Amino acid sequence: MLLTRLADVSREVAATSARSRKIALLAELFRHAEADDVPLVIPYLAGRLPQGRLGVGWKVLGRPVPPAGTPTLTVREVDALLGRLGEVAGPGSQAERVRLVEELMGAATAEEQRFLLGLLTGELRQGALDAVAVEGLAQATGAPATDVRRAVMLAGSLQTVARALLGEGPAALEAFRLTVGRPVLPMLAHSAPTVAEAVGRLGACAVEEKLDGIRVQVHRDGDEVRLYTRTLDDITGRLPEVTGAARRLTGARFVLDGEVIAFDEAGRPRSFQETAGRVGSRVDVAAAAEAVPVAPVFFDVLSVDGRDLLDLPFADRHAELARLTPEPMRVRRTVVSGPDDVEAAEEFSRQTLLRGHEGVMVKALDAPYSAGRRGASWLKVKPVHTLDLVVLAAEWGHGRRTGKLSNLHLGARTAAGGFVMLGKTFKGMTDAMLAWQTERLRELAVDERGHVVTVRPELVVEIAYDGLQRSTRYPAGVTLRFARVLRYREDKRPGEADTVETLLAAHPQVRP
DNA sequence: TTCCGACAGTGGGGTCGCAAT
DNA sequence: ATTGCGACCCCACTATCGGAA
């Protein structure tokens, strides 16, 4: 199949807002793909490369290349070139990447270049990713969409399912069952503002401590243990103490879901930055493990001794987990009967925060494990802090925010009477707020460099954030975690904004 | 007819590893 | 030795579509 066909379909998909039309366009393309092209066409139209990221970003892609006049590139030729691109390593690799990208782009028409650029940067922005591609695949093959979706969640891969489905027909979906050693997309959670509201929504539920670490799925089959992250990256080699802990459990075949986190000598959680740095270390694992040991803490079990537990109620899965793992290896929890019992849930939440954890998860006891879904039966509740800060600058937005001042530079007041930048945010704004702030900030503009518009520090904005963390980037030595806009405070003058001193005083455990 | 679940988009900060400088 | 880039951890929130209620 020619690449130009894919580029055309992608453009059409991007041009329509109707999801049903996007699905129909993808289905039509999938139907006409040859068997050999399927493993390429499907991920390409889902906006991803089959071989994953290639170490190519804006730096390499920045230079424009004169486009070809006529479309001749085939999908398989593109794949061959991208394959070579992924293999490049060592000294001189940057220049070689540039050369390969130029070779690829030089053979592509302008339209094809746009498509390839989107694929290589991971920002195709056609309003269709895996979920829409799954629907298109179902429509193209006549298989029920729910079955295809489930197979993809259990396989952890759209390509694998697509190849089987188009090769063997709907019966192939049967083969995609939970298998020890093959990672499953993990279940995700929604948020709730308070414990009371979460319990009110769910009724009988477990309230569990929410640890601020890295999600991990642990597979053990005899002596073979493998560890996967939330996005199914294999991190087995990085966490020897976790694989060791899994081997010491009494069960021989299981799949566990939990979090890895580093604790200090007193048993309190270390900062997320420390845990993440440890899990990210892969060159000298022994030294990293010595400096920052981590522990697995589990909250769910998906499979035991060949039994698939996904459809069991959470209460029953947890009973299996309690049989399999010792108490210190499980998250602390309490079970409440429903809204009448909300006091107990709130007390547990208070204790959890006092122990230094980030919040609680509230989980319905009767819910199955919804692999790959953001289930309404898991609700996270974290305390929210707020500050009144001053807008120091703003950046022009991209995509649907083109022409709007979007990303705000946030400043806190200093004792000396100036302002110090604490970070940025683009979150929490409605379209109306975007329009309003664009107007207002343009009136206050004093300078524009690149995409950054500096303004007179006069606008006060109320910001919500999850906590403070150390920073080498910002002058106060700290920055806000997950900052988002709540509302503008036109009733407040910049002199009434919060100061760095009050911010630091509110987070005594974080020091610049 | 209204409501609500699922999705995609719009980016945030940190850390590590690697190649270039 | 330092710097810059890319990958991948963590993530909040809004707009929109289309099926459920």
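In what follows, every chain begins at residue 1, and chains take the letters A, B, ... in the order their sequences are listed. Nothing here was measured: the structure is a model prediction, and the numbers come from that model.
Using a 4.0 Å heavy-atom cutoff across all strands shown, A:Lys380 reaches sugar-phosphate atoms only and no base atom. If you check every strand for non-hydrogen atoms under 4.0 Å, A:Gly92 touches sugar and phosphate atoms only. Looking at heavy-atom distances under 4.0 Å, A:Lys427 makes contact with a base.
Cation-pi check for A:Arg481 over A:Phe272 is met; the charged atom lies under 6.0 angstrom from the ring centroid and within 45 degrees of its normal. Taking the ring centre of A:Phe299 as origin, the terminal cationic atom of A:Lys363 falls inside the region bounded by 6.0 Å and 45° from the ring axis.
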Show me the donor-acceptor pairs, under 3.5 Å and distance only, between side chains in residues 368-378 of chain A and residues at least two apart or in other chains.
from     : atom 1 : to       : atom 2 : distance (Å)
A:Tyr369 : OH     : A:Met187 : N      : 3.0
A:Tyr369 : OH     : A:Asp257 : OD2    : 2.7
A:Arg374 : NH1    : A:Ala189 : O      : 3.0

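Relative to the side chain of A:Phe426, the nucleotides B:dG13, B:dA19, B:dG11 differ in distance, and B:dG11 lies closest. Picking from B:dA20, B:dG14, B:dG17 the nucleotide with the shortest atom distance to the side chain of A:Pro91 gives B:dA20.
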Short heteroatom pairs, N/O only, protein and nucleotides 17-21 of chain C, under 3.5 Å:
from   : atom 1 : to      : atom 2 : distance (Å)
C:dC17 : OP1    : A:Ser17 : OG     : 2.9
C:dC17 : O3'    : A:Arg19 : N      : 3.2
C:dG18 : OP1    : A:Arg19 : N      : 3.0
C:dG18 : OP1    : A:Ser20 : N      : 2.6
C:dG18 : OP1    : A:Ser20 : OG     : 2.7

Can you pull every protein N or O that's under 3.5 Å from an N or O on nucleotides 2-6 of chain C?
from  : atom 1 : to      : atom 2 : distance (Å)
C:dG6 : OP1    : A:Gly57 : N      : 3.1
C:dG6 : OP1    : A:Trp58 : N      : 3.3
C:dG6 : OP1    : A:Lys59 : N      : 3.0

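In this entry the distance linking CG of A:Asp233 with C1' of B:dC16 reads 13 Å, nearest Å. We find that CZ of A:Arg278 is positioned 18 Å from C1' of C:dC10, with the value rounded to whole Å. Atom NE2 in A:His451 sits roughly 13 Å away from atom C1' in B:dG12 (whole-Å rounding). For the pair A:Asp130 CG and B:dC7 P, the interatomic distance rounds to 10 Å; values are reported in whole Å. Rounded to whole angstrom, the span from the OH atom of A:Tyr465 across to the P atom of B:dG11 amounts to 24 Å.
For the side-chain contact (heavy atoms from CB on, under 4.5 Å) test with A:Leu379, the passing option among A:Met361, A:Arg201, A:Glu197 is A:Arg201; the others fail.
For A:Phe419 and A:His409, the gap between ring centers reaches or exceeds 6.0 Å.
In this structure, A:Arg442 places its CZ atom where only 12 or fewer heavy-atom neighbours from other residues, nucleotides or ligands lie under 6.0 Å away.
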Practice task
Carefully, step by step, assess A:Asp311 and A:Arg150 under the rule salt bridge (Lys or Arg N to Asp or Glu O under 4.0 Å).
Solution key: CA-CA 12 Å; A:Asp311 291 326; A:Arg150 187 177 169 85; 3.6 Å; yes

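A 4.5 Å side-chain heavy-atom check between A:Leu85 and A:Arg97 finds at least one atom pair inside the cut-off.
Residues A:Asp466 and A:Arg400 both approach DNA chain C. Their nearest nucleotides, taken by heavy-atom distance, put A:Asp466 toward the 5′ side.
Under the Watson-Crick or G-U wobble criterion, with both distances below 3.5 Å, C:dA1 is paired with B:dT21.
A distance-only check finds a donor-acceptor pair linking the side chain of A:Gln273 to the backbone of A:Arg470 [under 3.5 Å].
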